[in-house]
Structure formats: C-alpha cells, structure tokens
Amino acid sequence: MTTGCKKISIALLLLWVISTTHAQDFTPHGSQPGLNFPLRSAADCLSCHQSSQRSSDPYNMPVDTWIGSMKANAMRDPLFWAALDVANNDIPGVGDFCLRCHTPEGWYGGRVVKTTQPMKGLVNVNGAQGCALQGSFTETASDHNDYSGVTCQFCHRIESHTPQGQPAATQNADIWLDDEVCANSFSGEPCRKGPYKYDTNNHFPPPHDWVYSSFLASSKYCGSCHDISSPEIEQNGQLSIARKFWHNGQETDVAMPIERTYSEWQNSYFADLIYRDPFEAMSITRQPVLKTGQNCQTCHMPETNEADARACTFGNDRPGNLPTHQFAGGNTWIPQVIKAIYGDDLAANDPSGLDRKGALDLTTSYAFNMLQNKSALVTTEVTSQTAQQLDIAVKVTNLTGHKLPTGYPEGRRMWLQIEARDSNNNVFWQSGAYDNNTAVLTEDSQLKVYETLQGIWNEQNNTCETEDGDGDAMFHFVLNNCIAKDNRIPPLGFTGAVDRELAPVGMTYPSDPDLTGAVVNYDVTDYQINIDQVALPITLTARLNYQVASKAYIEFLQKIADENNIPSENALCNRSWTEGPANQNRASFMTNLWQTYGRSEPVPMAVDTLVVN
C-alpha cells in the first residue's frame with residue numbers, strides 16, 4: 001500500500017472521530033455514578049485485614065497481598081497513563097471507558113466524566129484525562145484517594161445479576177454494584193460479598209454486614225473486566241457500537257474484540273468439569289490425567305496451605321480455605337518501575353505500617369513464578385542431520401487456561417530465541433537474538449514471535465493496517481477494528497478456533513486428535529541450521545521469552561504525543577505537581593522510565609537444552 005492511501009485512510013478516520021464524539025456516553029450500562037452508598041476506601045479495611053504479629057500474614061492477608069498488585073496500582077501505572085493520552089487523542093472523551101476499570105472510586109464518585117448525580121449530559125471537561133481525580137500517586141491510607149486502583153469494596157459489592165434479575169454482563173466492566181441496605185443490617189450499608197461462610201456459632205462475626213456469594217469464586221466474575229470490546233455508546237438516546245469488527249474482509253455486527261481472556265478460558269478444557277492436566281500429560285507415561293476444572297482464581301488467587309493462614313486479625317485460621325489476593329499475571333516490570341518512582345514516598349506517607357515496597361517485590365516474584373513455572377513448556381528435537389545441515393523442531397506447549405500470551409494486546413509478545421554453540425562454546429548461529437542495551441529484536445528470516453496485532457481496516461485495498469505512513473507500528477487501542485495477526489498459542493481443549501472473535505489469524509492450529517472439536521495447545525517451529533565445518537558436539541538452547549512492552553510500542557506512544565503536541569500533565573490538568581509526569585507529558589515520562597529501568601527486559605519463560613553429536 002502507498003503512503004498516500006494510508007494518509008487518506010487516517011484522514012477519513014479523523015472525520016469519523018469528529019462526527020461521532022459529540023455528547024457521547026461511552027459507559028451507558030451497569031451501575032452509574034451517583035451511588036446511594038459511595039464506595040469506601042481500602043483504608044477502611046486495613047485495621048482488620050492487614051498483617052499483624054504472624055510472620056505468615058504478609059503472604060496470606062488480603063491487604064498485604066493486594067497492596068503490591070497491579071490492581072492496587074492500576075492508577076500508578078505510567079504505561080496506562082501514556083496509553084490513556086493516545087486514546088483521548090484518538091476519540092475525545094473515551095478515557096471515561098478506560099478509567100472506569102482503573103479507578104472505580106473515582107469513576108463511581110463522579111470524578112471522571114459523569115457527575116455524582118444520575119443525570120445525562122453533565123460533563124467535567126478534564127475528567128476523561130484523569131485530571132479531576134482526588135488524591136495523588138503517593139497518597140496511601142486515605143478515604144479520598146482515587147489513585148488507589150481497584151479497591152476492596154468495589155470487588156466485594158459486585159452483583160451476579162442486574163436489578164431486573166438477568167445475569168450480569170461479562171465484558172467492559174458493565175458491572176452492577178449492590179447499592180441497597182443489607183438484609184438484617186446493623187450498619188445500614190450494603191453487604192460485603194464473599195465466597196466464605198462465617199460460622200457465627202463458633203466465630204465472632206465481622207464488624208460489617210456480609211453475605212455469602214459464590215459468584216466471587218467464579219470465572220464469570222473475572223470476565224466482567226477481562227473481556228474487553230469496543231464500547232457500545234449512547235448518543236442522543238441511541239445506542240451504537242464505537243468500532244465494529246471487520247472479519248475476513250467484511251464488517252460484522254459485533255464490536256471489535258480487544259481482549260478475550262475470559263472467553264479464551266471459557267472455550268478451553270479448564271472450564272470443563274473434567275479436563276486433562278497439561279503438566280501430567282507430559283509425564284513419562286504419556287497417559288492423560290483427568291482433573292476437575294480450574295477457574296481464574298485457581299491460578300491468580302491461589303489458596304494458601306499455611307496452617308496459621310487467616311484473612312482477618314481476629315478471625316479463624318483458614319488453611320486451604322483462603323484465596324490469597326495476589327492477582328499476579330506476567331507483569332514483572334511495571335511493579336518494579338512503580339517501586340522505583342513512588343516506593344519511598346508510599347512508604348513514608350503510610351501510617352499503617354504496610355511494607356508497600358516489599359509488597360511490590362512480592363508481586364514481582366509472584367509474576368516470575370507464573371511465567372516460569374506455570375505457563376509454558378519448551379522441548380527441542382532433531383528432525384534431520386547431515387554434515388552440512390541440522391534441522392530441529394522446537395515445540396512450545398501452553399500450560400495456561402487461556403491463550404499465551406493473553407490480555408492487553410499492545411506491545412505484549414513472546415518469541416523463541418534459539419542459539420547453537422560449537423564445541424568451543426562459541427555461538428555460530430541464532431534466531432530471535434535480542435539486545436538488552438537497545439531493546440532491538442533481530443528480525444531474522446526464521447524468527448517466531450507470538451502476538452496479536454490489531455489494526456484499522458482500509459476499505460480501499462482490503463487491508464488491516466498496523467503501520468502508519470512512515471512504516472512505524474500503530475497501536476490505536478480505541479480505533480482498531482480488525483486483527484491482522486493472532487498466532488498466540490491456544491489453551492488445552494480450545495474450541496474457539498471457529499469463533500470469529502477468538503480464531504487465530506494468519507496461522508492455523510491443527511485439530512487435537514484426542515479432543516473432539518478442539519485444536520492443539522502447542523506450536524512447533526522448524527529451524528534449519530548450517531553446520532558445515534562446525535566442530536561437534538553442538539549445544540542447542542531454545543528459550544521462550546516474554547516482554548511486557550516492546551520498543552515499538554514505547555516509540556509509538558512518544559510519537560503520538562509529539563505529533564499532537566500533547567502537553568505535560570501539569571499543563572493538561574492545570575496543576576503544579578512534582579510527582580509523576582509533572583512537567584513532562586505522560587509519554588515522555590514513560591519513555592524516560594523505560595530507558596532507565598531496563599527497557600522492559602524480556603523474561604525467559606521456559607528453556608530447553610539439547611546436545612547434538
């Protein structure tokens with residue numbers, strides 16, 4: 001495609017943006033700002049649910065395990081803020097859609113776009129950019145800090161059904177919150193919901209109203225925020241989809257599927273009552289081992305087995321019956337960035353005594369454990385060997401309950417790094433070489449990268465465009481309406497390969513011979529290595545790497561900020577902060593952090609070594 005055509009398509013897109021952004025409501029569904037009972041701060045939970053005297057408390061207690069997670073730090077994440085500026089630049093006001101997930105207290109409190117009154121059309125001009133929020137990046141134990149991320153009471157007031165009794169939605173945070181006085185209440189407030197039943201005959205009841213809810217132990221509960229589509233918008237009383245999904249060259253009637261972690265799980269064997277355990281399937285016997293299904297919480301809120309584990313300082317011990325609030329995924333980088341830029345002030349400003357820096361370290365260790373022990377298996381075998389050439393096959397098996405990698409697509413990727421060393425331990429051949437000093441991944445002819453690339457459909461040449469007129473990668477989260485590539489590895493028993501919203505793109509995974517209707521949960525890549533005049537034995541190392549934010553993504557964020565003269569955060573918000581981006585725009589702040597703190601150094605997820613004689 002020519003540069004001229006690309007410029008035309010972007011111009012048409014801008015016309016679409018201008019014509020469709022007047023008085024739009026990007027979040028018309030679910031509970032709205034103006035709650036009868038405003039969300040209480042996590043500060044209200046500290047006295048009972050943070051660690052006390054026991055050495056095991058920091059690894060079990062809800063506050064201690066949550067405080068370092070990306071949920072607790074969703075509003076301190078500098079990568080989120082840089083991406084938010086791009087979103088608002090692409091579609092003015094769409095930050096309302098983004099901030100709804102990242103700051104429930106701010107959003108439901110009426111400090112994003114909608115006021116605290118249940119009325120339409122009243123807009124705070126700066127709210128979608130996060131400028132009207134209360135608190136700060138380093139404020140901690142406060143009842144008025146919208147930077148506290150995804151907080152306790154928000155999660156523990158989520159309903160399983162709408163007020164009309166219909167099942168709750170499983171996408172876009174279209175959540176209904178319990179906003180009525182709890183039955184038989186002694187506090188006059190809504191119930192705190194949870195999957196634990198208090199034995200009030202043998203246990204002192206909690207000092208707040210509570211009710212048992214199995215919904216909080218279900219994957220559907222997580223799906224509320226972990227299936228994301230282009231939002232349905234309301235304008236002048238009419239509902240429409242912001243960006244419809246183009247699939248196989250045709251515009252469909254469904255919204256662009258941006259993230260589908262919950263649906264990926266739902267279409268896997270992990271969602272079934274009985275499934276074949278992927279770890280045991282790789283055992284010596286090669287016999288499938290059947291186990292009961294696993295939900296999101298099984299891996300991301302693992303049960304503690306410590307004998308003195310407890311959720312409350314005056315509660316009963318709950319070994320094997322306490323889901324820890326780790327919420328760990330694959331992000332090992334941003335928790336350490338947050339610790340570096342805000343950790344000292346968070347510690348200094350916290351009278352509760354919580355070890356917030358230690359909690360961020362703990363979150364990082366949880367993420368490393370998820371990546372390196374629970375995500376993937378790499379195996380290597382020789383398929384052919386002559387005096388001149390060595391052919392090998394590298395197999396990557398997905399051990400998770402969703403695609404690998406999953407979640408937010410922008411800048412996130414895995415790739416295979418293969419090295420061949422001669423008898424003198426010299427590298428004579430490699431694929432997927434990465435330079436930590438420059439963050440450049442060498443684009444060799446045999447490189448295998450696992451990722452999803454979303455783009456903007458160009459009707460003039462029937463192309464899903466992922467690059468701009470300069471040939472640079474584009475990551476327009478809210479404008480994308482097509483998928484140019486999705487070769488991520490499916491989970492075990494994946495039946496979603498025929499679903500237009502879940503199907504691989506640009507790659508075909510074969511049917512699993514053992515599982516009807518499913519495709520395999522692994523990928524095999526063949527490599528050809530020239531070994532003419534190479535001294536044997538040869539040592540092969542196959543490494544699967546994971547990266548949170550690619551160089552191309554960071555450069556894109558900076559390019560959009562520069563081209564559109566996005567102001568510094570202080571100028572944008574008309575303030576004079578000294579913390580955070582302050583007198584830099586958010587993209588420049590992120591770029592500097594990226595350069596200073598390891599350039600999102602990739603994490604080796606799995607490694608296999610083979611010696612060839």
Side-chain angles (χ1 to χ4, degrees), residues 70 79 278 328-337 363-381 392-400 402-421 427 429-453 473 475 485-491 506-507 521-527 529 539-556 594-595 597-610:
M70 288 308 300
L79 197 59
N331 198 338
T332 61
W333 180 53
I334 290 295
Q336 290 302 299
V337 173
T363 291
T364 303
S365 69
Y366 289 149
F368 270 109
N369 181 52
M370 291 288 289
L371 287 175
Q372 297 180 328
N373 298 315
K374 299 181 179 181
S375 295
L377 180 70
V378 173
T379 54
T380 309
E381 67 175 348
I392 64 171
V394 179
K395 180 180 181 180
V396 181
T397 302
N398 178 7
L399 302 178
T400 74
H402 45 65
K403 286 187 179 182
L404 193 66
T406 191
Y408 186 73
E410 298 190 347
R412 198 172 287 190
R413 61 184 181 175
M414 300 187 315
W415 73 89
L416 278 170
Q417 182 177 356
I418 317 297
E419 287 185 352
R421 295 177 179 268
V427 176
W429 179 94
Q430 59 183 320
S431 175
Y434 182 84
D435 188 334
N436 286 326
N437 295 319
T438 63
V440 172
L441 173 61
T442 301
E443 299 282 343
D444 62 82
S445 61
Q446 299 187 68
L447 175 66
K448 172 60 72 71
V449 180
Y450 299 99
E451 60 188 345
T452 179
L453 298 178
F475 301 91
K485 175 188 178 183
D486 183 0
N487 69 337
R488 296 173 299 159
I489 306 173
M507 180 171 181
N521 66 320
Y522 57 82
D523 177 51
V524 179
T525 304
D526 296 317
Y527 294 89
I529 305 172
T539 302
L540 297 168
T541 303
R543 180 180 295 108
L544 182 67
N545 291 325
Y546 174 81
Q547 187 171 46
V548 172
S550 66
K551 181 180 183 180
Y553 183 43
I554 300 297
E555 290 179 341
F556 164 80
W594 181 77
Q595 293 170 341
Y597 298 107
R599 295 179 171 84
S600 186
E601 183 176 346
V603 176
M605 297 174 64
V607 180
D608 187 36
T609 301
L610 180 66

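Count residues from 1 along the sequence. What you are looking at is a predicted structure, and each value in this text was computed from that prediction instead of being measured.
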Where do [X] and [Y] come nearest, in terms of heavy atoms and distance?
X	Y	answer
Gly330	Tyr546	O-CE2, 3.1 Å
Val440	Lys551	CG2-NZ, 3.8 Å
Ala606	Val378	CB-CG2, 3.7 Å
Trp333	Ala549	CZ3-CB, 4.0 Å
Thr364	Pro335	OG1-CB, 3.6 Å
Ser600	Gln547	O-NE2, 2.9 Å

Look up atom [atom1] in [X] and atom [atom2] in [Y], then write down how far apart they are to the nearest 0.5 Å.
X	Y	atom1	atom2	result
Tyr553	Glu410	OH	CD	4.5 Å
Glu419	Ser431	CD	OG	10.5 Å
Trp415	Ser550	CH2	OG	9.0 Å
Met370	Thr332	CE	OG1	12.5 Å
Thr452	Lys403	OG1	NZ	7.0 Å
Leu441	Tyr434	CG	OH	8.0 Å

So does [Y] get a backbone contact from the side chain of [X], meaning a donor-acceptor N/O pair under 3.5 Å?
X	Y	answer
Thr380	Ala393	no
Asp608	Ala542	no
Thr442	Asp444	no
Trp429	Ala420	no
Arg488	Tyr450	no
Asn398	Asn521	no
Asn487	Glu451	yes

- Message: Does Val394 form a side chain to side chain contact (heavy atoms under 4.5 Å, CB included) with Val524? I'd like the steps, not just the answer.
- Response: CA-CA 5 Å; Val394 179; Val524 179; over 6 Å; no
- Under 3.5 Å, is there a donor-acceptor pair between the Gln446 and Tyr527 side chains? no
Would you call [X] and [Y] a side-chain contact if the rule is heavy atoms closer than 4.5 Å?
X	Y	answer
Leu377	Val396	no
Leu399	Ser375	no
Leu610	Ile392	no
Ile529	Leu540	yes

- Message: Just to verify, which of Val337, Ile554, Asn331 counts as forming a side chain to side chain contact (heavy atoms under 4.5 Å, CB included) with Leu79?
- Response: Ile554
